Structure formats: structure tokens, C-alpha cells
Protein chains: 2
Amino acid sequence: MLRSIRLIQRVANFSRLANPHEVNPKVPDWFKSSDYIEPRFIGSEPQQVKEMLKSVEANSLDELVDKIIPKEIRSEAAFQSPDNFPDAITESAMVQHLQSLANKNKIYKNYIGQGFYGTHTPYVILRNVLEDPGWYTSYTPYQAEISQGRLEALLNYQTVITELTGMDVSNASLLDEATAAGEAMFLANSWFEKKKFFVDNHVFPQSIEHIKTKAYYLGIDIVVGDAKTYDFKDADQYCGVLVQSPDNMGEVHDWSDLFKHTLKDAKLLKIIGTDLLSLTINKTPKDQGANVAYGNSQRFGVPMGFGGPHAAFFAVEDEFKRKMPGRIIGISKDANGRSAYRMSLQTREQHIRREKATSNICTAQALLANMAGLYATYHGPQGLQKIANRVNCLARSFAKLAKSLGIVVKEGRIFDTVVLHNTENLQEYLHYNAQINVRKTGQDTIFSFDETHTLQDVEDLFNHLQHFTKKKADFMSVIQKVIPYKSERAPYMQQKVFNSLHSETEMLRYINYLRQKDISLAKSMISLGSCTMKLNPTSFMLPVSFQGFSQLHPFSPLSCTQGYQELTDNVEKWLCDITQMEAVSLMPNSGAQGEYTGLLCIRKYHIMNGQKDRNICLIPISAHGTNPASAVLAGLNVVAVNVIDGYVDLNDLNKKIKENEKSLACMMITYPSTYGVYEDQTKKIIQLIHDHGGLVYMDGANMNAQVGYTSPGYLGADVCHLNLHKTFSIPHGGGGPGLGPIAVNKKLAPYLPGREHSLGSVASSLYSSASIIPIPYSYFGQLGRQGAKKCTAMAMLNANYLMKNLKNDYKVLFTGQNGMCAHEFIIDIRPIKQESGITEEDIAKRLMDYGFHAPTMSFPVPGTLMIEPTESESKSELDRFIEAMKNIKLEIEKVKNGQYDKNDNPLKNAPHTQDQVINSGWNHKYSREEAAFPLPFVMQRGKVWPTVSRINNAFGDRNLICQCPSVSDYQQ
Amino acid sequence: MLRSIRLIQRVANFSRLANPHEVNPKVPDWFKSSDYIEPRFIGSEPQQVKEMLKSVEANSLDELVDKIIPKEIRSEAAFQSPDNFPDAITESAMVQHLQSLANKNKIYKNYIGQGFYGTHTPYVILRNVLEDPGWYTSYTPYQAEISQGRLEALLNYQTVITELTGMDVSNASLLDEATAAGEAMFLANSWFEKKKFFVDNHVFPQSIEHIKTKAYYLGIDIVVGDAKTYDFKDADQYCGVLVQSPDNMGEVHDWSDLFKHTLKDAKLLKIIGTDLLSLTINKTPKDQGANVAYGNSQRFGVPMGFGGPHAAFFAVEDEFKRKMPGRIIGISKDANGRSAYRMSLQTREQHIRREKATSNICTAQALLANMAGLYATYHGPQGLQKIANRVNCLARSFAKLAKSLGIVVKEGRIFDTVVLHNTENLQEYLHYNAQINVRKTGQDTIFSFDETHTLQDVEDLFNHLQHFTKKKADFMSVIQKVIPYKSERAPYMQQKVFNSLHSETEMLRYINYLRQKDISLAKSMISLGSCTMKLNPTSFMLPVSFQGFSQLHPFSPLSCTQGYQELTDNVEKWLCDITQMEAVSLMPNSGAQGEYTGLLCIRKYHIMNGQKDRNICLIPISAHGTNPASAVLAGLNVVAVNVIDGYVDLNDLNKKIKENEKSLACMMITYPSTYGVYEDQTKKIIQLIHDHGGLVYMDGANMNAQVGYTSPGYLGADVCHLNLHKTFSIPHGGGGPGLGPIAVNKKLAPYLPGREHSLGSVASSLYSSASIIPIPYSYFGQLGRQGAKKCTAMAMLNANYLMKNLKNDYKVLFTGQNGMCAHEFIIDIRPIKQESGITEEDIAKRLMDYGFHAPTMSFPVPGTLMIEPTESESKSELDRFIEAMKNIKLEIEKVKNGQYDKNDNPLKNAPHTQDQVINSGWNHKYSREEAAFPLPFVMQRGKVWPTVSRINNAFGDRNLICQCPSVSDYQQ
Ligand SMILES: Cc1ncc(COP(=O)(O)O)c(C=O)c1O
Ligand SMILES: Cc1ncc(COP(=O)(O)O)c(C=O)c1O
Ligand SMILES: O=C([O-])O
């Protein structure tokens, strides 16, 4: 059903990108270009590298690597030749090359619709959000005190969703519309605990396809039928009914009759898929009796990007909020009683609830949700309604014009989509003669209008129709009769924020105001362990904005997508080389979604091999929460395996294998382990699993410790995912977008999406977040074989340098061979807590007073901090961090020895805000200066101020508020 | 000599841009596109406009305008038809249209050189400086306390210049290389007071041409000769000798012999024009005995942009610093004794010294100087040297390769430029067969290499030469023999800032660190009177980055520049319509340069009419300092005319006219006057001047009060300049770029640059800052007739609303008819000072504590503030400003009535920094909260912190430091 799916065959003719003279050893060095990214990407100068090597007692990077990575697991085969992995090319050459690829995509006038629409990204949002590192390099706002900017923006987004859908609570985005539909089905299934689910046959085919995929592995029975005619006598067998409006054929429905009468008392979830723009004039899902509304917000200013990324929305009635998938931003209070934003109800989520989570969502689509929210804010309710009416009038004009030529037009109320019956060959006619792409189903030709279309476009279409039909009619007299529908909506979006930021100046200042509240990589190191917050080079980001990449509809004909084909073929090839695997799917658009997809591969494999009862998934207790959550969604039963001192407990593993001998489906392994060590028993473990008929899934989050030196394939894994938004420089966007492709070996290759025994579909389009694929492409092509390896080695050097310099002050929890860590390490705060009462949270919050983002807190071990500096940080930045951590240790000592009060000290009260320290009534037992400027560099570099003090999470969860107050804080 | 000069003939076929349906009154409103800029550009919502109109007692905008602008001067003729001034088109349509214009420029491989070179703009600088409103919307750093970011960047730039040239002091940029050469000549002339000046004939022709122009009107005698052979027996007749290295033909000279021996004791200024990149390996001008070094910094990361903008540099020996033209950034101390940056030696400049100033420079090229400085910082000394060696090796390889084919190559040491003798038709051959542009002079073909070229390019050229000569030779064996020259330089740029920011992460953070220190339009209103700090819409800015505009060499063949021709023709046409003038020249690239050019026009006119003795220029004492400074540079004698109550004193005017009856050249008038009122006597004054044989120059800085309602042409002026960087949305860039085209009537049209009786040349290329012309183009095309007029009316409404709301607290100095102001107004602080001791400076600095940039201080009247809000500010922003000003008035009252100490009060101590208010030792007679958070909005909006306290200017001027200290503050 996915238009662009082509059966993928490995292309051998991918391009060697580098200019021959640049890699010719006979050409003297001084002729070689100097704009290579490698020295820019690596944070430290050569001199600093030397100093760090000395500090960790290694004579060279090679020696360091030898010390850290066990010999048994080393494999550099894939990096030997530019035929598997390219030589580096320069920044400017890559930008030009990607421009030429973008130009190979043909941007025809587009009326394809079906969930993806042209949109005008307001330029002020384009430049100052999508293209601003202050926004795109920040992390998911776990540390809320230095994330109030994007949290406010996400709350605005949620408010837009609840206001437009009429629902009570919205989440802060899901991955795309198809998975949102799947999540709705899963919610129905787990709420009502019934195994049958009804889907209207006019729902978007990509949504139905994913629902079917998801249901198949969960053993849910999907009935696809016509909800308008189906009698629902068997309603009590269903856990949910999912319909759509406007539907796939453009018809606007009022489902009130079905949901409020026919199914009034049925114990099932009533779900409406919908379109935000249409909701500015049409009846809300809530008013139609829905419990859940979902859809996507792409047409609110987010470029189509050949499928993504964009934010899907998901909103529910109050009753269901605690089972809702995805992040929810809420308003709580800080230590001073002021209101403050943070992620609420986190107890629902995978990182807390693991296999009992409401979904596996971790990275979502924060940046794109923020764009959509800001788009709605910029237009305001009147502006949106004006756009909707205009689109609707264009569509209805076109329908009337077609009728005036004798064409049979599908009847029924429409919003933006017009179906012309019996128009065989019209699609081809328009494509070849007019460079216009439209949709076609059987004998029908379908046109969807959007805000980028003009009346001139309608006239052009009409002129083509006149040629096509060889008939004539009058344009102006027809269109003059079309007037906007009367709105079915009561006033909405009346909050001040949506009614005061309509000038570009005001919007620019609002965006700037929000951005300055947050810590991003533009301000300081973000040493979140397991998150690999490395440089997102500007030259990797530029191509994302190229029209040839950003303006393409994902269901465009293949002939229009040659540029993307080359792009994806090469990235798949390079990912195969890096992982030493056989095949790759770029469909999953987050790490968790990669896990899910990989596990479906495994399940499909067992099913196809007649072993469908293999349904046990072994997961070490140290695994990331997404692992068990994904396993459950894949229909697997999770069995936890113990871990001792950072290593999988082999006894326990053997025991669990034995207990599940027949039903062992697979084991999930993270490598290097979440504890930051290369387990040298990994190969053995993999063998063990294989010996018992299971397959091995490798969580690729820590790929930054493998690239160039070892690989999941070499280690024997059958499938792994890669977080391109960690290892390969896709920026984290404040909580997404992500891209979590999976790589599989020969065994599993046939089950990838789009291949012969496809596991099904896990996204709305084949490449999901296609428009950000140029970023990893640039990573591979600009760093090349040498550079990519060097990044790995430098990541290890930075981590070991940090560890070495902190280990006298903080207990390092685990190390590998030679007492070294991999690319990250864990410090244990539990002993400190015992002695002083100071917790890992106190330290994390105190770091904000020093201008730093905290490392990962209490994962994988409660009471610890996990630190991952990445290769992009310079020695000077690491030294600053060391200085801060050492000073914090001194502060802890003062608490211990009574120089600081046990409760009233800079750590317990951290972080400190401006109004606290600039307060005549300051009465703490330490000074303002100690609070705000604990070290000289804090002021010298420009103090980064947390804008709220420590946030009370429990309060927020008890008193859930997930929408904008009616008057925004921003302007008085 | 300027390659691209074509004799301009008004094109009649400029495009009506708007789509017919969009402007067809028969098409219902709801079909019209909704992405027009107008409602985004105007700050206020319609409801707010109503409220403001009520406040100023007008029923409509039309009525308001009628009240303000005298009937006698109204003329809206030029705005009647889309044939003179276009209908608005949408944002997206304009961006597409400009993309298509850009695509009409042909970006061939370019070796033209001659002062303009391909360069790789580091992407991190491109995105985060050139494309970041935090940088490009800020003003010239007169208010240093909230400008420390760009001041530091400019100091870095100056340091790069002094380090590379070896000179003692550098300014912070001039307009371009040709004008820098002209300034050098002027300095020589005014220092040594002699009328003869020698220019080597191998200086760039565009520099010679401008020197000749400038000299002509100053009565300086230019001798162009061969400095290597000229015997200089008559040396003592010369005020200066100007040579260049590398010269126009690429030869690198060591002028030591000439300057240190031949001219050792001559009383003349020794000037070397030079190339920054070459100086990384070649002997410095200082070491060659120069007193002055100049050149341009374009190839340090600034796109060629068909000529500009980019920053010219100018550096002198210590002795000459107080006569140096242009801004100089220096280090001084703030009120707390901490070092702080500010503009130093301002007493040299036009705004203080008027006709005695060292130059007329006001707006310069700050943004581009910052880019160049950051480029050098990012590469560091080693990086720059590597680039230089590579370029040099490419050039020398090419020379050797050409020789190997038997071509005669010019001898002598070269840097980047190779001259092939006797190669007739080679230029044409390469242009037509290979899409390669090179330079040609007579029988010579000239190739200049730059960092964007690769060895592959050299091989390609070589292959073409083989075809052209029909000979063969071996490539690899030749190039392998080329090795870099030994550097002639001692170590340079050893300061920490140049040796620690080479990774993209570090550079990104440094840029961010600098930006966050400054107030720009992204933070709050900048109500600088006379500066028109209006919105710089993102969609106007995007095209500046389009390759078709940014990558074109200014001396490209006409056939490659069709896009620019359409662009400039239209802009010229529209400027003619707006000014109701006959012809326009886009050559002057600042307002002051516009004045200068316009005055040359007048001088040339008188000369051509046999009245070369008309050399008196009447200027009201209220005029901007650039007026008298420009007049002097144009060879005119300034006679000041009195002003009474804001109006030209007619008695004094008559007297001055009488006194100068025979020699009256012209009068300069600012309209509306610098006092913000429409003088209704203006037409009379103009008549008077005309009656006495003089012409009238109109300073167009206040065009924002005229557009659509009246015009210089209608008022009777003969010539005016327009500050496109005020009225037409070119951002101010923190002190440039600017664009100051002049418009002239029929009488003066023949004297424009490039026309029959051309006045000469005032810039290095015909369109000087060509690449920013898309911005005013967008202004005209996106706002259209209605929008442009509305901007004028709204600017007046905003000014009058502010005035109305402040006039009870502050004395308004002048108003026009009906007690209204035009687009700006002046408040008089002198009475306040008398009563309370609080000065205009105290108020200006105190506004920083409220997060505002001060209005213009003490211009045109000492002891006042001039306020110009522009149409882009919303009522809410104006209300915030009013609230701040009213609260400041309350504070002043407290000083007056003794509630605040006379000296230790928030006004005298303003602005307050973080370390002041977060200091346990706070011992002021008012609270920290009063200091830092005087009103609730200050914290709510995110406090904008001045990073230094009040700066001691006198200290800085006494102790001049204009270079980076050897260890930067930034990182410990
Ligand atoms: C070890 C590990 N696995 C999986 C994931 C999930 O990836 P994503 O957030 O893209 O869903 C993460 C995310 O941080 C992780 O650290
Ligand atoms: C009235 C007036 N004239 C001339 C100028 C000079 O313009 P520029 O700064 O572009 O040289 C200014 C600049 O502020 C001005 O206000
Ligand atoms: O995002 C993480 O949960 O690590």
C-alpha cells in the first residue's frame, strides 16, 4: 500500500565520493583540501589529545583502544576499503553533493494528500527553530529546570491539540499517524482486555496496515469494515472501534450517531483519526463521542520531507490519561511555589514501568511538535480558520469545476479532498504532461488541497481537465459561487499566547525568550550517559532544508524520488558495513521503534520456521526501559536476567534459559553494556542463546563505542538497531526526531519491511523520517573511514580522562579490563548519600548552578550518575566539568563535616534562580555568591540561569494540568 | 574599468509580480492567499491599532496621516498603479521568485580574482552569525554595556588585522577596498598637507579609479606610475605613495627598498594595499616600512556576493591612530574597574567632529568584519597558513603546468595569481567551452586561485590548456615538485582566542556566548531615533544565502549576471517611483557614502555647467554629522545654518545665501527634519536655493516618514540618498552592512556612476553590496503599494502613541502641526537634569536594567533622547516601554525629593550587572530588587543582563588598547 515501497535490492554501484587526488598518496599533503570536518568534529586540539593520553597512561590512541577493547571482539574488516566504507570528503563538497542529490528529486505540483500536505513553514520558525542549534541540539527535558523553554512550547502544542480535538488531555507527540493509530488500538486492547478491534475501511491505508501488523503479533483480531453500514450487533466483542474523518477519500463524517447512539453503552474505545486543519471548522472528535483522537500535525508548518519527521498527536478523555502513551507535559510547582513545567505522569512510561509501560515511546517528535505548536500560535484561531476555509473553498471550487465538465465527483461533505470518478489515465496525464502528482485508486483520481495551493493552481488544474475531457466551461462564474461553510465550532484557542504573537517581531522574541531558558549543546556539554550528545555539525544540517529533500511527498512516483533512492541506498549500505550485517531497514523512526521492529523480525522468523510459540524474551535487568516495553508490544513475554557487577549473571542466564527451553525467542543485549563496559563474555552468551534456538537482539544505543572496532554482526547478533540520533549526529531536537534503523543478518533479511516475507509496517511511510537521513549520510561521507574510527577512540579517551580525574572524588561503579571504561562510566552516589544525605538528584540539580546539564540520573543503577562526554567535547570543557564536580565534592564535604547545614545548603536548594539570589530577604546559611557563582568560570562564560527552582514532581502528578493557563506568563 | 558596468537605461519591462487572481476584485476574499507579510510586519493587531488611534484621537489611520502631514507636501501619485509600484505578493511566492532570479545568475568556476575570491564560509559561522537575527539585527554598539558580544568580536577582528599586517592599530572596518585606498589618500593629504599623491600602476584598477574620483573633487593631483622604476626625485612634493602587494598582476613585492631606503626621509605617507591571506606567509607591510596597510577581508569567509558586502580593513602605525578613519574598538574599564569594550576615540568621528572628522564613516561593515574575524579565529594561525600555502601551491603548480605546455608565464614571486602571456582568446575559450570565468587584460589571461579550488580544478584547467595549445605534458610529475615557500613571518595570532576555538562545538558556544551579551531586535525594541530599527523579516533575509546571489564574482561577464540585472533594474525602478526621481545609483554602500556620492553629483553638475567655483554647502546645525563630513570629502566648504525650535532659521538662511551668493553649491536638508517634524517651509527653502543657483540634497534617513505620502522629488530636491538599512529592512548588522543608493532628478541623471558624464566611482564594484539588494526587493514586492504606505502611517501612529503617553512625564521638545510628531520625537532631559542631576545618559543606561536599548542620545540636541519606535513594534511592546519610562520618571522623582540619594541611586549606578546585585557586600542605598528587577515584566520576560557596568570612556581614550589581550577572558 505504501506508494514508495520498492523491493530493496542492495545496490553495488553506490558512489565512491572522494575526489581521487584527495586520497592519492602520491599527491603531497599540502595540496589536500583543508575543510574536512574531522578536526572540527573532535573537540580537542592535537596538543590536548596528547595531554589526555598522558593522563590516562597511553602513548597513542591505538594503544588506548587496545587497552580498552578486548582482543577477542575486535574486527575492523568493514573499514579496510573505500568500497565498504567511503573516504572522507570535505564539508563543502558534501554540501554540494547533497544539493545535487536533492536536485534529483522532482518537486512536482502535488495533490496526493493522504495524510501529507504542503504547508508554508513560517520563515521565522524555520530559521529560528528548525535551523537553530539552541532548539535542535537540546535533549528530552528530563532536567526540567533548565528546559522550561521547550516545555512551555510543548505545553502550547498540547493545548492546540486539546483545543482543536476537544479532548481533555493530549500527549506531547507520537512518532507518526500510523503508529498513533496502533497506539490507540493497543490502549483499547489493554483497557478493555478484549482481542477484537474494528477499523473502518476508509481509514488511511498506511494506518490500517500498521494496525494489522501490530495486532498480528499481539494476537488481536482486526476487523476491517464499513463503519457506516456495519450493524455492530457484536459490539461487545470489540475492545475498540477506529474511524477517521476526513477519511481516506476525503469525506467529512459526523460519527456522533455511531458513537453516541449505536455504540453508546458498548464497552469499547471509540477512536477518531482526524485532521487538525479540518477541526478549525468541523465538529470535534469529542463532540462526536470519541474517547481518543489522533492524527498528525505535519501540515501545521512541518515540511513533508518525503514522509517525516513530523509529530503525530494523541489526545484522550480524562479517564484514559494515565494509560495514554507518550510524554505528557504538565504544570507543577517549584520549591518556591511558582508554577513550572515538567514531564508529568512519568510513572506510566517505559523508563519507570518497563514491561508494564503504556508504550515504548522514549524519543518522540519534540522539535516538530514545537514547530506545529508555534505555527498554530503564529496564526492564532482566526488565522487557522482562514487557512482552513480557503483550502476548503479551493477544493469545493475544483469539485464544482470538474462537475461543470461532466465529470462524476464523489458526493458527501468534504474538507480538502476531491474524488473524480471514472477518470482512468488522468493521473498519468497530469504527471507526464503537467508535472502534477495526484493520487489514484482504481478508476478514481483524487486531489487534496492545502495552504500552498492558490486559485491559480485550481485554474491550471481546470485547464488540464478541459484538455483531458475535451470540454469547456467557465471558471470565474463557478468559483464566485463558492462561499465558506459556516463553522461548526465554538470559539477555541482563546488563551493569550495564541492571540498575541501574530507579528514576526513578537514571534521572534517569543522564540528567543523560550530558547534562552534551556541548556543545549550551544551552551555547554550535555554528558548524558547512553545518549551520546555529540556535535551536530551545521553542514550536516543544511541539506535538511534543501527543497528537494524537504518538499517531497512520500507517496510520489518513483521517478520523482531518485535522489532519495541514492541517499537511502548508500546509507543502508554503509550501515551494513558498520554493523557487519546483511540488510537494513530505515523505517523505524526511534530507537524504541527499532527495538520493536527488530523483535518483530525475530518473531516473524520463528513463525515462518513453524515455531510461533517461541515467545520468551530474556532481558538483563540493567537494560534500558524501552527493551522490555518493546518486547511486550511485540507480543513477547519478558523474563529478566540478573546482573552482577555490571556483567550478566551467567548462572541466572543459564537458569532462565533452562526454564524457557522450548519457548525461548531471543535475548536482548546492550553492548558495551549499559554499565559502560565491554563484556568479554558476550560472544559466549550469544552462542548460548543460539544453541537454544533463540536469536539475539543487540541494542545499538552504545554504537559509539563500536564503530570501526567491532560490530553487532561480528559479535554474532542477529539484529540490532542504531540510534542515528545518538551515534550519527542527528540532533536530539529536545526529545526527537530520532531515527532507529535496524540491521539484520542473512537469516532475518527476508523479514524486513518491504521484503519478501515482510514483517509488516511500522510507520506511515517506508523511510519514515526521510528528510533527516542526509545527516548520517554526511556523517559517513564527511568523516569517512578514518574519521569515524577516530570518533570512537576519542569518545573513549574523553570518558577515561574524565573518569581518571573524578575517581578520587567519586566512586566509579564498574570498569572493564585494565580498569578502563568504554565511552561512558557510572559514578555511585549512594555512599555519599549515606555519609552526607546528599543524593544524586542534589548533585544533578547543583550542576545546573554551574551551567551544566546533569548526566543521566539513576540509570541503569538507582543512586548513580552515568557520564558520557562524547568525542566532540574539548579537553577544556572536560576540565571545566571536572572542576565543577570536584567543587561539588568539596561542598558535600562541607555538609558532611557540618560547615554547611544538612538541609539548608547549596546542594539541597539547587538549582538557584535569579529571584532567589537577588532577594533582599536572602536568609540561607551560605552566601548568594556560593549559590550562583560557585566557581570563577561560571560568570566568565556567561551564567546559564535555571529559570525555576527545584520542581516538585509529585505535586504535579497529583494535580495534573497539561494545558496553557488562559493567560500566558509571557506578556504580563 | 569595472567589468560589470553597463550603461544603465531604464527598463520599462520590469515584472508585475502579483498573480492576477490575487489582485482581482471579482475574486472573493476567501480565495486570497494568507501568507502576506503585511500583518506580520506591522507589530500591532488590528484591535491594538484601534486602541492606539483612540489614544491619539484619530478615527482612522488616514485621518491620523492627514493631521500629521501638511497638505502642501502630500503626493501619492507614484503609488497609484502597479505599473509604478507593485502589488504585494506572498512571502512564499517572493522567496520562489527570488530563487528563480538567483538561478538566472550563472555560477561558473571562477578565477577572476582582482580583490574578490571564492571562500568557504564556515557553516557554523554562516548559520549562527550571518543567518542569526541575534547578530544581524543589532545596532552599531554606541551603547557598549549591552553590546559586549559584538565588541569583543570586532576587537578580535582588529587583532587579526594588526597581527597579519604588523601594524599597530586597526579600525573595525571600512566600506570596501577601493574606498579604503581613498581614505588612505585622504589621510596622507590631511596629514602632510600636500596636493600630490603617487599611485603605483599595478594597484587594482577599481582602487585607482576611486582614488582618482576622490582626488578630483579635492583638487589632489594623482600621479599613476611604476613605483619600481619611478625615481622619486620629486618625493617631497607628494603627500603619499600607495603601492600594492600582491599587486593587480599577482606579483608579490617587497617594498622595503622603496619605503626604507628611497623614501626613507620623505615626508609622505607610505601605504600598502595588501591581501590578508598572503600575509600569513609573506612579509608584513610594517616590515616593508609602510605607515598604512589596507585591503579587504572578503576572502576570510565572506561570500563574494557579486561585490559585497564585506569589510575592508585599514591599519596604521601608532602615530596616525588619531587620524584614522572609521570606528575603532578599544578596551576601557567599567564603573567597577573591570575591563570592558567600547568604541574608542569617537572624538575623531563625524558624529562629534562633523566637518573636521577624519572621515564620514558611520555605518560600516560590522557584521562582515565579525565574520572575517571569526573565520580567522576558527582557523587559527596554523589553519590560515595552511590555506595560504595550499592556494599558493595550486597557483604555482598551474604556472609550471602552463610553462610545460610552452606558454609564457609572467615571472616574479606570486601568491595566488598567474598571468599567461600571449593567450588571446583563452578567456573566451574557457568561458564558452568550459564554463570557466577568468580575467583578461590585453593579450594576457589571468588566473587567481583561492581556497575553494582543488588540485582537480588545476588538472581540469591544465586539460583545457592542453586542448587550447594542442600540446601535451605530464600533470603529476610537475605538481609533485611544488613545495610550499618558507614563511617570511614570525609567529602571529598567538592570543588564546585564536588558538582554542577550532572545533565546531567550541566555536558554536563562543558565538552563542557573544550573542547572548547583546541586545538585538530578537530581544526587545530598539527605539533609536533616526535609525529606523524595524523588522528584518526572515523571508527577506533567506535569498541573501542563495548561491546564485552569494557566489557570484562582481566582474563576471554580463551573460552570467542576468538575475542581478533584473533585481537591480527593478529596485532602481521602484526607488525612482518612491522618491519621484529620474534615476538611481545603487553604488554607495552606506548612508554617508550616499551623501558623498550625491554631493559629487552636484559638484560634477556645476563643473559641467562651467561653475566649478560653486563650492559652498549650507547645512542646518541640526543635521547628522555625516552631512558636513561628507561635504568636506566632496571638496565643499560647509556653512552652518541656524535652527530655531526645530525649524531652519529663515533669516539666517537668507543671510548665508547672500554671503555666498556666487559660490552656493547646494544645501543639505533632512526631511522630516531631524527633530521629527514636517517643516512646511521646506518647499520654500528649496525654491530659495534653486533661485540662487544652488541644488538641494535631501538626506533620506527619514524616508520612513515619507514613503507613499510624499517624496524628495515632489518636494523639489535634486538628489537624495536612501538608507535601505533603515527604511527598507536591511538589518543593521551591529554596525553595517548598509546600502545608501542615491536618487536624482533629470538634471543630475547624466552624472551618476556608469552614465555619460559619470561623476566617477565610489566603490569597488557597480552594485557594491549587491547581495543584500534582495532585501529591499522583498520589501517592495512583499509589502506592495498598500503595505509600504501602511508602514509609514503605522510608524507615525506608534510614535504619536508613545509621545502622547510620555508627554506628561517628559517634556517633548518639538511637535509639528496639531501638536503631532512624525515618525519620531525628542524628549528633553535638560530640565530633569537641572532639578535632579539625572542626565540623559543616566536614563539611557537605566533603560538597560529594564531590558531596553536606549533611544538616540543627544542627537540632534544635546541633553535629549530621540525616540523612534517604527511600525514593527506592537502596542504591547510600546506599553512596556512606556511603563519603563514612567517608572524611571518615578525614580527621578525620588532622587529629586530625597527618597533616593543624589549619587547612590539606581539611575546613577545603572546599568547593574549580576555580580553587583549578587554580592554579599551590597551596600547601596536602594535594594537589589530595585536595581535589577524594577518592574515585574523584567523578570517575567527573561531579564536581559548588561554584562558590564557603566563604561568609562575617557579612561579608554587615554589608555588606548585596541587588540585582544594575550589571554582571552573567555576560557579562564
Ligand atoms: C540503551 C538505550 N536503548 C534504547 C533507547 C531508546 O532509544 P529512543 O529514545 O530513540 O527510543 C535508549 C535511549 O536513550 C537507550 O539509551
Ligand atoms: C539623518 C542621518 N543621515 C545620515 C546617516 C548616515 O547613514 P549611514 O550610517 O548609513 O552612513 C544617518 C545614520 O544614522 C542619519 O541618521
Ligand atoms: O532517553 C533515555 O531514556 O535515555
Side-chain angles (χ1 to χ4, degrees), chain A residues 19 21 27-28 30-31 33-35 40 42-43 45 91-92 120 123-124 127 131 133 386-387 389-390 393 454-456 476 480 484 502-506 508-509 512-513 516 522-523 535 537-539 542 872 874 876 914-915 917-918 920 927-929 932 937 939-943 969 971-972, chain B residues 19 21 26-28 30-31 33-35 40 42-43 45 91-92 120 123-124 127 131 133 386-387 389-390 393 454-456 480 484 502-506 508-509 512-513 516 522-523 535 537-539 542 872 874 876 914-915 917-918 920 927-929 932 937 939-943 969 971-972:
Chain A
N19 173 327
H21 287 316
V27 170
W30 46 82
F31 284 112
S33 295
S34 52
D35 70 323
R40 306 301 190 185
I42 305 290
E45 314 271 323
E91 291 204 72
S92 53
H120 293 308
Y123 296 101
V124 62
R127 172 164 282 189
E131 300 178 351
K386 202 167 143 191
I387 293 169
N389 278 327
R390 182 168 166 276
C393 287
T454 63
L455 195 57
Q456 188 63 52
M476 197 52 88
Q480 279 177 326
H502 306 155
S503 83
E504 183 166 333
T505 298
E506 289 287 321
L508 172 64
R509 289 186 192 149
N512 188 62
Y513 155 80
Q516 74 188 15
K523 290 189 182 159
L535 174 66
T538 317
S539 63
L542 290 178
S872 302
S874 67
S876 12
Q914 293 182 6
D915 58 322
V917 296
I918 303 170
S920 301
S927 73
R928 299 165 205 273
E929 290 90 336
F937 74 67
M939 187 180 301
Q940 276 160 24
R941 284 180 54 101
K943 166 87 178 170
D969 278 353
Q971 298 188 318
Q972 290 95 292
Chain B
N19 172 329
H21 287 316
K26 284 196 216 138
V27 170
W30 46 82
F31 283 110
S33 294
S34 50
D35 69 324
R40 307 301 191 185
I42 303 290
E45 313 272 323
E91 291 205 71
S92 52
H120 292 309
Y123 296 102
V124 62
R127 173 164 282 191
E131 300 178 350
K386 203 167 144 190
I387 293 169
N389 278 327
R390 181 168 168 276
C393 286
T454 64
L455 195 58
Q456 188 62 52
Q480 279 177 327
H502 305 155
S503 81
E504 182 167 333
T505 299
E506 290 287 321
L508 172 63
R509 288 184 194 150
N512 188 63
Y513 154 79
Q516 74 190 12
K523 289 190 183 158
L535 174 68
T538 317
S539 62
L542 290 178
S872 302
S874 67
S876 10
Q914 293 181 9
D915 58 322
V917 294
I918 304 170
S920 301
S927 73
R928 304 169 143 87
E929 289 92 335
F937 73 68
M939 186 179 304
Q940 277 160 21
R941 283 180 58 102
K943 166 86 179 172
D969 278 352
Q971 298 189 318
Q972 286 95 294

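A note on names: the letters A, B, ... follow the listed sequences, proteins ahead of strands, and every chain is numbered from 1. From a predicted model like this one, the values you see are computed outputs, not experimental measurements.
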Where does B:Gln456 contact chain A at under 4.5 Å (heavy atoms): side chain, backbone, both or neither?
both
The reported gap from CZ in B:Phe31 to CD in A:Gln480 (rounded to nearest 0.5 angstrom) is 9.0 Å
Select one option (side chain, backbone, both, neither) describing which atoms of A:Glu45 are under 4.5 Å from chain B's heavy atoms.
side chain
Per-residue contact mode, B:Ala522 against chain A (heavy atom under 4.5 angstrom):
both
Which portion of B:Ser920 sits near chain A, non-hydrogen atoms under 4.5 angstrom
both
Are B:Val917 and B:Glu929 side-chain neighbours, meaning at least one heavy-atom pair lies under 4.5 Å?
no
Point-to-point distance, once rounded to the nearest 0.5 Å, from CG of B:Asn512 to CZ of A:Arg941:
9.5 Å
Partner chain A: residue of B:Lys26, B:Glu131, B:Lys386 with the largest heavy-atom pair count (under 4.5 Å):
B:Glu131
Taking every heavy atom of A:Tyr123 against every heavy atom of B:Thr538, the minimum-distance pair comes out as O-CG2, 3.4 Å
Honestly, the part of B:Asp915 sitting under 4.5 Å from a heavy atom of chain A is both
For the interface with chain A, which of B:Gln516, B:Arg390, B:Gln914 has the highest count of heavy-atom pairs at distances below 4.5 Å?
B:Arg390
Tell me, for B:Glu91 versus chain A, whether the close heavy atoms (under 4.5 Å) come from the side chain, the backbone, both or neither.
both
Please state whether the side chain, the backbone, both or neither of B:Ile42 comes within less than 4.5 Å of a heavy atom of chain A.
backbone
With a 4.5 Å cut-off on heavy-atom pairs, point out which of A:Met476, A:His502, A:Lys943 contacts chain B the most.
A:His502
Considering only heavy atoms from C-beta outward, does the side chain of B:Arg127 approach that of A:Leu542 to under 4.5 Å?
yes
Between chain A and each of B:Ser33, B:Pro28, B:Ser34, count heavy-atom pairs under 4.5 Å; write down the option with the most.
B:Ser33
With chain A as the partner, which of B:Gly43, B:Ser92, B:Ala932, B:Gly942 has the greatest number of non-hydrogen pairs under 4.5 Å?
B:Ser92
State, with a plain yes or no, whether a side-chain heavy atom of B:Arg509 is found less than 4.5 Å away from one of A:Lys523.
no
Which atoms of B:His120 are under 4.5 Å from chain A, going by heavy atoms: the side chain, the backbone, both sets, or neither?
side chain
Most contact-rich option vs chain B, by heavy-atom pairs under 4.5 angstrom, among A:Asp35, A:Val27, A:Leu508, A:Leu455, is A:Leu455
Donor-acceptor contact below 3.5 Å, side chain A:Glu504 vs main chain A:Val124
no
Between A:Thr505 and A:Ser503, do the side chains contain a donor N or O and an acceptor N or O under 3.5 Å apart?
no
For A:Arg928 and B:Ile918, indicate whether the former's side chain and the latter's backbone hold a donor-acceptor pair under 3.5 Å.
no
Between B:Pro537, B:Pro484, B:Ser872, the one whose heavy-atom pairs under 4.5 Å with chain A are most numerous
B:Pro484
